[in-house]
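Just below is one structure, and these are the notes that go with it.
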There are 2 protein chains.
Amino acid sequence: MKKARYHHGDLRAGLTEAARLLVEERGPERLTMSLASRAAGVSTAAPYRYFADRDELLNAVALEGMERQREALEAGGALHPLGSEAAVTAIGLAYVNFATRERGVFRLMFSLTRTHAQHPEMLQKGSDTFDVLLRNLAHRYALPMDDPAILARGLKLWTFVHGLSFLLIDDKVSAMSISLDLHDTLADAARRFLRDD
Amino acid sequence: MKKARYHHGDLRAGLTEAARLLVEERGPERLTMSLASRAAGVSTAAPYRYFADRDELLNAVALEGMERQREALEAGGALHPLGSEAAVTAIGLAYVNFATRERGVFRLMFSLTRTHAQHPEMLQKGSDTFDVLLRNLAHRYALPMDDPAILARGLKLWTFVHGLSFLLIDDKVSAMSISLDLHDTLADAARRFLRDD
DNA sequence: AACATATGTTAGAATTTCTAACATCCTTTT
DNA sequence: AAAAGGATGTTAGAAATTCTAACATATGTT
């Protein structure tokens, strides 16, 4: 039986985790400081010791999500030889799987409240995630990661998996009565975007 | 000089238009009934004669946006022969252009508040928009619009333009220091997804 | 042990959503 | 043309929310 403590222990982490669950459960728009506070077991004013406002709490959730997504992409890519079509497909699959598994957080990661764009940490983490794909492409074509040809091809692949993620979490695919094999779809896209003619 | 009227004339339309502008200006999340009311020149309670709640006002803005987007796609496609690669490219270009020209409304159209999914009018309008593309594909391959092969190819093309739209409005493309020619990018995608080998 | 700092609470102002009760205008029926 | 009745708008206010200010309690440093 725990003693009721005045201090929480690690309230920043507690709030971030509570917020993550709420974002997932009810969507980013419906997260309130009140709900997060209650879930973390503190008063509604307590969060303001750690987060300037609601947006900053959401930012923390988004940042943590970006880290986990990058890890997922790396784990997916590592299953296949660096630069192989299979690796690119696996990275795409990991991307889409993350999006559908964590709809709320994924949507939050891409629902820019003017802050995001300038937020250096967010730019960095976004870049880190993209790099997982770029590393494979750079190796495949024996070019530096920042080569325009690599960036252009990387962007096309990202564009596809990103678009598919959104159409899936918005239920557009099922709404259009389309049944799809996710792996096939991604493998096909990888093949089409990796060929040189 | 206008007489100050008690009745607005067409408050539903006035509010929808005011809301559209505000959504564009400040983003969907920051639209408040108060702001829309003031912009339309009525009290804050007036909107509730026409919209059950804030979500319904946003829905109206989204629906109107979907209609305009479909019109834009049709206008783009009509510039080229039905079923041609150029028509598909032009439709994609119109899609992305709409998204970047009306970031706020576009984002709103795809930020599903559980209502969207079941909302029959929204399903219909979404389907109408997709059909602009499907008509071209069906003609190109001489198959019915609901043929699985047509749907699958249509989804891939949609996926690409949809993903590109989001990456652009979220400033991810510039954040990754990628410069891109929009038409080239879309023409390339159309070519890759329309080929049969 | 006392002070300083970190961390949490309570109280409350400002804003927002939405409802209820009331006011005004318009249309239709006689 | 007058009155009834419905449609459309207003004012007032309850409940919820964000965020701040002032206060309280714990922690750890000298």
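Please read these numbers as outputs of a predicted model, since none were measured by experiment.
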message: Between F166(B) and F110(A), does the ring-ring contact (aromatic ring centres under 6.0 Å, His included) criterion hold? Intermediate values first, please.
response: CA-CA 8 Å; F166(B) 268 106; F110(A) 293 95; 8.5 Å; no
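- When rounded to the nearest whole Å, the span between OH of Y48(B) and P of dT10(D) equals 14 Å.
- When rounded to the nearest whole Å, the span between CG of L35(B) and C1' of dT17(C) equals 13 Å.
- Minimum atom distance to the side chain of A45(B) is reached by dA12(D), of the listed dT9(C), dA12(D), dT17(C).
- The side chain of T32(B) approaches dT16(C) more closely than any other nucleotide in the set dT9(C), dT16(C), dT18(D).
- When the P atom of dC18(C) is taken as reference, atom CG of L57(B) falls 10 Å away, rounded to whole Å.
- F51(A) comes within 4.0 angstrom of no nucleic acid atom, judged by non-hydrogen atoms across all strands.
- What separates CZ of R54(A) from P of dT16(C) is a distance of 14 Å, to the nearest Å.
- Looking at heavy-atom distances under 4.0 Å, S43(B) makes contact with a base.
- Rounded to whole Å, atom P of dT17(D) lies 12 Å from atom CZ of R30(A).
- Side-chain N or O atoms of E74(B) include none that pairs as donor or acceptor with a backbone N or O of V132(B) at under 3.5 Å.
- In this pair, F106(A) and H162(A) present their aromatic rings tilted. The plane angle is within the 30 to 60° band.
- Proximity of T44(A) to the phosphate of dT18(D): no side-chain N or O atom is located under 4.0 Å from OP1 or OP2.
- If you measure from atom CZ of R38(B) to atom C1' of dT17(C), you get 15 Å, rounded to the nearest angstrom.
- In this structure, D170(A) contributes its side chain and K172(A) its backbone to no donor-acceptor pair below 3.5 Å.
- Protein atom CD of E29(A) is 17 Å distant from nucleotide atom C1' of dT16(C), rounded to whole Å.
- No side-chain donor-acceptor contact under 3.5 Å links D55(B) to the backbone of L58(B).
- Counting to the nearest Å, the P atom of dA16(D) and the CZ atom of R26(A) are 13 Å from each other.
- Side-chain N/O atoms of S34(A) include none lying less than 4.0 angstrom from OP1 or OP2 on dA16(D).
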